[in-house]
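Right, one structure below, let's go through it.
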Amino acid sequence: MAIREILTVGHPILRKKAKLVTEIDDRLITLLDDMIETMRASDGVGLAANQVGVLRRVVVIEVEDELFELINPEIVSMEGMQEEVEGCLSNPGFAGYVQRPEKVVVRAYDRTGSLYEYAGEGLIARAFCHEIDHLDGILFIDKVTKEASLDEE
Ligand code: NI
């Protein structure tokens, strides 16, 4: 495993739409492993492949020791609304309030190629939405309603 460089705001890859994964091969497994290591090394809650310069629909999220590896994730349902503070490893030093659904259900493949549905609420729901936005070239700064001080994050 290796820690990869995280691209920061202004890099054009962060604004591109990632492509569907068509094959789970050794390269994709290495990408997942590297993304997990990179996320943990940066104390992040999630990381999308765009952020390490790879335009594939791959996301990793870790909240309270629960690890999600999402390949070709899709939001299949959402419910309610929350407005909480978010940050992003690609926007160091900035935090702001973003509106997200309170609960979401995501469908995605895991590294073995099995299709799963994951229901998440609160922070997990925010992380699902934030990371899937990355795959479409959308950054949380596009959706910030109000800037927050960094210790609110
Ligand atoms: Ni982010």
Side-chain angles (χ1 to χ4, degrees), residues 1-21 28 30-78 80-111 116 118-153:
M1 296 215 286
I3 292 174
R4 301 206 186 185
E5 187 194 346
I6 298 177
L7 307 180
T8 52
V9 67
H11 197 293
I13 287 184
L14 292 174
R15 290 302 189 178
K16 292 204 168 134
K17 217 170 143 75
K19 294 187 178 73
L20 284 171
V21 172
L28 195 90
T30 302
L31 173 67
L32 277 167
D33 288 341
D34 288 356
M35 284 173 63
I36 292 165
E37 193 175 353
T38 305
M39 169 179 68
R40 287 177 174 162
S42 309
D43 273 326
V45 165
L47 195 65
N50 308 43
Q51 294 179 275
V52 294
V54 179
L55 285 172
R56 292 287 161 200
R57 300 189 79 81
V58 177
V59 158
V60 296
I61 290 168
E62 192 165 45
V63 176
E64 287 155 9
D65 293 334
E66 198 173 357
L67 179 67
F68 301 91
E69 296 179 327
L70 308 175
I71 299 168
N72 295 346
E74 266 185 280
I75 294 175
V76 292
S77 71
M78 50 177 88
M81 199 276 277
Q82 56 174 320
E83 187 170 17
E84 296 293 340
V85 177
E86 293 184 18
C88 178
L89 295 175
S90 293
N91 293 266
F94 181 78
Y97 288 85
V98 180
Q99 288 186 359
R100 303 284 190 190
E102 173 59 29
K103 295 180 184 178
V104 298
V105 176
V106 168
R107 188 181 295 150
Y109 293 91
D110 71 1
R111 65 169 64 207
Y116 284 96
Y118 304 95
E121 55 185 281
L123 175 58
I124 296 177
R126 292 208 301 280
F128 283 152
C129 296
H130 177 120
E131 300 308 331
I132 291 171
D133 272 355
H134 272 298
L135 301 180
D136 292 319
I138 299 165
L139 298 175
F140 88 107
I141 47 174
D142 306 340
K143 297 184 167 179
V144 164
T145 54
K146 183 164 71 93
E147 195 174 338
S149 71
L150 278 175
D151 40 326
E152 286 178 79
E153 197 181 338

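Just so you know, residue 1 is the first one in the sequence shown, and it goes up from there. Both counts, for ligands and for their atoms, begin at 1 and track the order of listing.
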Under 3.5 Å, side-chain donor or acceptor atoms of residues 121-130 against the rest of the protein: list the pairs with distances, not counting sequence neighbours.
| unit_1 | atom_1 | unit_2 | atom_2 | d |
| --- | --- | --- | --- | --- |
| Arg126 | NH1 | Gln82 | OE1 | 3.0 |
| His130 | ND1 | Glu86 | OE1 | 2.8 |
| His130 | NE2 | His134 | NE2 | 3.3 |

**Prompt:** Among the protein atoms near the Ni ion (ligand 1), how many are N, O or S and lie under 2.8 Å away?
**Reply:** 3
**Request:** Classify the ring geometry between Tyr118 and Phe68 as parallel (under 30°), tilted (30 to 60°) or perpendicular (over 60°).
**Result:** perpendicular
**Request:** Say whether, by atom type as modelled, one donor and one acceptor occur between the side chain of Arg56 and the main chain of Val21 under 3.5 angstrom.
**Result:** no
**Message:** Does atom OH (Tyr109) have a neighbourhood of more than 12 heavy atoms from anything else shown, all under 6.0 Å?
**Reply:** no
**Message:** Which residues pass the side chain to side chain contact (heavy atoms under 4.5 Å, CB included) test with Arg111, not counting sequence neighbours?
**Reply:** Ile29, Leu32, Asp33, Ile36, Glu69
**Request:** Sequence neighbours left out, what passes side chain to side chain donor-acceptor pair (under 3.5 Å) with Ser90? Give chain and number order.
**Result:** Gln51
